[in-house]
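The structure appears right after this line, and notes come after that.
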Amino acid sequence: MRIVTWNINSVRLRLDMVLRLVDDYGPDVLCLQETKVVDDAFPLKELAARGYVHAHVRGMKSYNGVAILSRLPLSATGGTLWCERQDCRHVQAELPGGIELHNFYIPAGGDIPDPDLNDKFRHKLRFLDELAAWGEALEDRQKPRILVGDLNIAPLENDVWSHRQLLNVISHTPIEVEKMDAMMRAGEWVDAVRHFLPATEKLYTWWSYRSADWGLSDRGRRLDHIWVTPPLVPHLLGYTVMREARGWGPKPSDHVPVMIDLAV
DNA sequence: ATGGTAGCGTAGCTA
């Protein structure tokens with residue numbers, strides 16, 4: 001089973017790149033974030049024509065939006081609202097084999113890394129606290145689960161281009177990393193990419209639009225993640241971070257797809 | 001220390 005997660009930053013604007021991705025890599029399941037489209041306007045037909053006839057999308061006007069597109073049947077589709085907001089930041093579904101899939105778009109958190117001065121950062125931290133409580137409350141600890149998405153946190157030193165220079169930059173602050181760690185422990189999540197790539201190796205999935213030459217300066221961060229629960233760890237076959245997609249132009253997403261293969 | 005770009009939707013918010 002091949003699963004991809006990608007923050008597409010407008011699925012309508014970049015539908016051609018989504019189709020290129022599915023043509024080139026043929027994932028069984030494609031999870032998108034920042035689709036930025038209401039459900040009625042989601043380009044489902046184009047994906048169904050490629051075999052992705054199973055879909056669960058949850059979008060809103062202008063912001064956020066998450067989607068699961070699948071060639072495999074989806075059941076028990078749903079999603080949760082977090083922090084008493086209507087934001088479309090989570091969808092879930094069950095895949096064949098009883099695998100529970102969660103697709104998240106965690107708030108970015110704004111610029112000022114102080115929850116007392118910055119409502120957006122306060123929201124992000126609350127969201128993480130709710131995710132930890134949710135992980136703690138998950139029933140059936142033996143259930144195979146996959147969590148993907150733009151989690152907007154780069155937890156390890158080598159998940160950013162400069163640990164020292166980003167310590168006070170939202171996405172890499174100690175408080176966020178601590179809360180993400182708590183969330184991982186609560187749900188017994190395993191980082192499926194770092195399962196293969198040692199923590200001493202740098203890896204990024206996002207490069208800002210605000211730098212002239214993203215590839216040369218390479219000031220990236222690993223914001224996009226795929227986690228699995230322990231029953232799936234022995235089934236992990238490998239991962240791919242599609243760095244080349246950052247150059248799919250002339251107007252690429254600032255995030256690239258992350259993919260894992262599972263022997264299930 | 002600052003400003004840099006992008007999408008949506010057409011001003012200003014969000015990233």
Side-chain angles (χ1 to χ4, degrees), chain A residues 5-21 31-43 46 57-67 81-90 103-115 117-128 131 148-155 159-162 164-173 175-176 180 204-225 243 245-258:
Chain A
T5 179
W6 194 9
N7 179 320
I8 191 64
N9 188 18
S10 173
V11 70
R12 286 177 294 176
L13 187 69
R14 279 182 258 280
L15 179 61
D16 58 334
M17 296 178 205
V18 174
L19 299 179
R20 176 174 177 177
L21 171 83
C31 296
L32 300 174
Q33 306 86 34
E34 278 207 269
T35 53
K36 295 187 174 179
V37 62
V38 296
D39 296 349
D40 288 344
F42 196 102
E46 292 85 344
V57 304
R58 185 171 281 193
M60 58 194 286
K61 191 175 167 178
S62 298
Y63 308 118
N64 309 325
V66 283
L81 298 175
W82 305 82
C83 302
E84 293 96 45
R85 299 198 188 197
Q86 299 305 306
D87 296 353
C88 299
R89 295 183 178 275
H90 174 225
N103 177 13
F104 281 102
Y105 175 50
I106 292 182
D111 290 327
I112 303 166
D114 180 338
L117 300 176
N118 175 1
D119 288 342
K120 291 200 275 279
F121 193 50
R122 188 161 60 233
H123 177 218
K124 183 179 196 175
L125 297 181
R126 265 198 66 200
F127 201 106
L128 290 164
L131 285 172
V148 309
D150 175 4
L151 307 187
N152 265 316
I153 296 173
D159 290 339
V160 294
W161 62 276
S162 168
R164 188 179 59 82
Q165 287 179 259
L166 288 172
L167 269 173
N168 205 32
V169 173
I170 289 180
S171 73
H172 193 62
T173 65
I175 186 167
E176 291 168 86
M180 181 183 241
Y204 315 133
T205 66
W206 172 90
W207 294 260
S208 174
Y209 284 126
R210 301 180 196 179
S211 63
D213 193 337
W214 71 273
L216 191 62
S217 58
D218 200 22
R219 295 186 170 190
R221 308 178 199 171
R222 190 172 71 107
L223 304 179
D224 303 274
H225 299 272
R243 183 183 168 106
R246 187 61 178 78
W248 286 357
K251 291 164 83 70
S253 171
D254 45 352
H255 295 253
V256 299
V258 179

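Letters A, B, ... mirror the listed sequences (proteins, then strands); counts begin at 1.
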Applying a 4.0 Å non-hydrogen cut-off, can you work out what A:R219 is touching in the nucleic acid: base, sugar-phosphate, or nothing?
nothing
Between A:Y209 and A:R12, the residue closer to the 5' end of DNA chain B by nearest nucleotide is A:Y209
- Task: Give a yes-or-no answer on whether the side chains of A:T5 and A:Q33 include a donor-acceptor pair shorter than 3.5 Å.
- Result: yes
- Look at A:D218 together with A:R243 and state whether they make a salt bridge at an N to O cut-off of under 4.0 Å. yes
Which part of the nucleic acid does A:R89 contact within heavy-atom distance under 4.0 Å: base, sugar-phosphate only, or nothing? sugar-phosphate
Inter-nucleotide C1' distance (B:dA15, B:dG3), Å rounded:
16 Å
Work out how far the P atom of B:dT14 is from that of B:dT10, and round it to whole angstrom. 16 Å
Outermost contacting nts on DNA chain B, any atom under 4.0 Å from chain A heavy atoms, listed 5' then 3', are B:dG4 to B:dA15
side-chain hydrogen bond (donor to acceptor under 3.5 Å, both in side chains) test vs A:N7 passes for just one of A:D150, A:D224, A:N152, A:T205, namely A:D150
Notebook entry, point to check: Is a salt bridge present between A:E34 and A:R14, judged by a nitrogen-to-oxygen distance below 4.0 Å?
Noted result: no
- Expressed as a whole number of Å, how far does the C1' atom of B:dG9 sit from that of B:dC13? 11 Å
Item to complete: For A:D213, look at atom CG and say whether over 12 heavy atoms of other residues, nucleotides or ligands are found less than 6.0 Å away.
Response: yes
inquiry  = Please report the distance separating the C1' of B:dA11 from the corresponding atom of B:dG7, rounded so that it comes out in whole Å.
reply    = 14 Å
query = Mind checking the P distance from B:dA6 to B:dA1? Whole angstroms is fine.
reply = 27 Å
5'-most contact on DNA chain B (nearest-nucleotide basis), A:N152 vs A:K251, goes to A:K251
Distance col, row A:K120:NZ vs A:I170:CD1, nearest 0.5 angstrom, shows 9.0 Å
